[in-house]
Amino acid sequence: MRFSLAPTLVIAALAATGTIALAQTNGGNAPSTPGAKSASAGKEPRSPDGKRYLSQPLVTSIYTADPSAHVFNNKIYVYPSHDIDVKIADDDLGNQYAMRDYRVLSMDRIGGPVKVNGVALDVKDVPWASQQMWAPDAAYKNGTYYLYFPARDKQLDKNGLGTFRIGVATSKSPVGPFKADPKPIAGSFSMDPAVFTDANGASYMYFGGIWGGQLQRWKDGKFDANGSDTDLGKDDQPALSGKIAKLNPDMKSFAETPRDVQILDEAGKPVLGGDHERRFFEASWVFTRGGKYYYTYSTGDTHFLNYATGDNPYGPFTYRGHILKPVQGWTSHHSIVEWNKKWWLFYADTQMSNKNHLRNVKVTELKFAPDGSIPTIDPFVN
């Protein structure tokens with residue numbers, strides 16, 4: 001992929017479709033991509049099959065995915081994965097997702113200029129990690145910002161790959177640079193950390209993902225280096241669950257052994273492993289609204305974002321429906337945040353590259369029905 005120096009780029013919105021207008025103000029190197037070319041030429045971007053996109057990329061100078069959005073000091077910060085161009089074929093282990101550092105996006109308002117900040121953390125500065133800095137999250141407490149991230153350690157499995165652990169790094173700035181602790185969080189495993197802080201100040205980490213995220217290899221509480229590369233292959237049994245663990249006040253350690261986050265169907269029965277449109281795959285994200293806890297997640301190979309609701313952070317959570325229909329590209333990983341009295345869904349697709357491992361973060365408004373349900377969003381418009 002060639003890169004060329006690009007001036008500030010403003011991506012105009014389509015007012016009639018509700019698309020957000022966003023400006024990039026980092027003066028960095030812009031990927032030479034179909035999405036960037038069509039935007040710069042003033043043409044309406046279209047998907048390969050001719051559809052119009054609901055939203056446009058937040059930034060075009062780098063590839064970003066898996067956005068974890070937060071409001072700190074009335075400013076919006078997005079903690080994404082930083083995709084890079086590698087010549088690795090797509091596989092079920094996710095080798096093509098070879099990310100090695102993090103860059104924080106920041107904006108004063110949704111629809112305003114978006115800044116790509118400097119390197120927040122690089123894998124070479126994490127003593128225990130070997131490769132693949134996948135989807136991160138962040139939190140703030142008592143003057144310190146915490147960056148939570150998954151990476152492979154240096155203990156190799158049957159595929160010659162390390163075991164995913166979850167690390168933590170700290171900074172006095174929301175954009176870093178962050179300094180990583182020398183070891184991963186004790187008792188952590190798999191990927192996709194998401195930290196939720198409840199109204200009483202207690203913080204919880206949700207995490208886990210099957211297939212390349214290795215959650216299926218922890219089914220008995222210990223890592224099986226020779227276990228399945230996908231799932232348990234038991235379609236008539238309860239699906240694998242994401243995990244939750246309460247954090248200690250130091251925000252760097254678990255206060256308990258991780259528990260299952262169980263998703264139930266409308267009859268109160270666990271969603272089964274064969275129910276790929278409803279079962280958990282990866283990308284936990286939790287928020288509260290109207291006295292309810294919303295547990296949201298990705299279905300992976302069926303490409304939906306789903307939600308379930310419960311009465312406490314641990315669940316169980318009852319499945320309610322799809323938040324987002326499949327986007328262009330394989331993965332769907334998101335966050336949901338309230339800002340300026342509205343709710344916003346941050347997600348990603350492959351508009352700029354049409355390659356699964358080169359994604360771009362987007363945002364659109366999330367609406368609620370009077371009963372608290374979420375109308376399903378289509379990432380394309382007619």
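Each of T350, D85, T331, N95 was evaluated against H357; a single residue qualifies, D85, per the side chain to side chain contact (heavy atoms under 4.5 Å, CB included) test.
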Validation: residues 121-131 side-chain donor-acceptor distances under 3.5 Å, sequence neighbours left out:
| residue | atom | partner | partner atom | Å |
| --- | --- | --- | --- | --- |
| D122 | OD1 | K124 | N | 2.9 |
| S130 | OG | R152 | O | 3.1 |
| S130 | OG | D153 | O | 2.8 |

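The shortest non-hydrogen separation linking S335 to P67 is OG-O, 2.7 Å. The nearest pair of heavy atoms linking P174 to F72 is CB-CD1, 4.2 Å.
Side-chain atoms of T299 and N306 include no donor-acceptor pair closer than 3.5 Å. With 3.5 Å as the limit, one finds a donor-acceptor pair spanning the side chains of H70 and D137. A side-chain N or O of Q351 and one of K362 form a donor-acceptor pair less than 3.5 Å apart. Between the side chains of N360 and D349, a donor-acceptor pair is found at a separation under 3.5 Å. Of the N and O atoms on the side chains of Y295 and S284, at least one donor lies less than 3.5 Å from an acceptor on the other residue. With 3.5 Å as the limit, one finds no donor-acceptor pair spanning the side chains of Y77 and N117.
Between Y204 and Y206, the angle of the ring planes lies from 30° to 60°, which puts this pair in the tilted group. Below 30°, between 30° and 60°, or above 60°: for Y140 and Y145 the angle between ring planes is between 30° and 60°, a tilted geometry. Note on ring orientation: taking the six-membered ring where Trp is involved, the planes of F189 and F207 are perpendicular (angle over 60°, cut-offs 30° and 60°). The aromatic rings of F368 and Y294 lie perpendicular to each other, with more than 60° between the two planes, well past the 30° mark.
Remark: N73 CG is loosely packed, at most 12 non-hydrogen atoms of other residues, nucleotides or ligands lying under 6.0 Å away. Atom NZ of K246 has 12 or fewer heavy atoms from other residues, nucleotides or ligands within 6.0 Å. The environment of NZ in K325 is sparse: at most 12 heavy-atom neighbours from other residues, nucleotides or ligands sit within 6.0 Å.
For residues 337-346, the set of pairs meeting the salt bridge (charged side-chain N to carboxylate O under 4.0 Å, His left out) definition, not counting sequence neighbours, is empty.
Interatomic distance, K292 NZ to R320 CZ, rounded to the nearest 0.5 Å: 6.5 Å.
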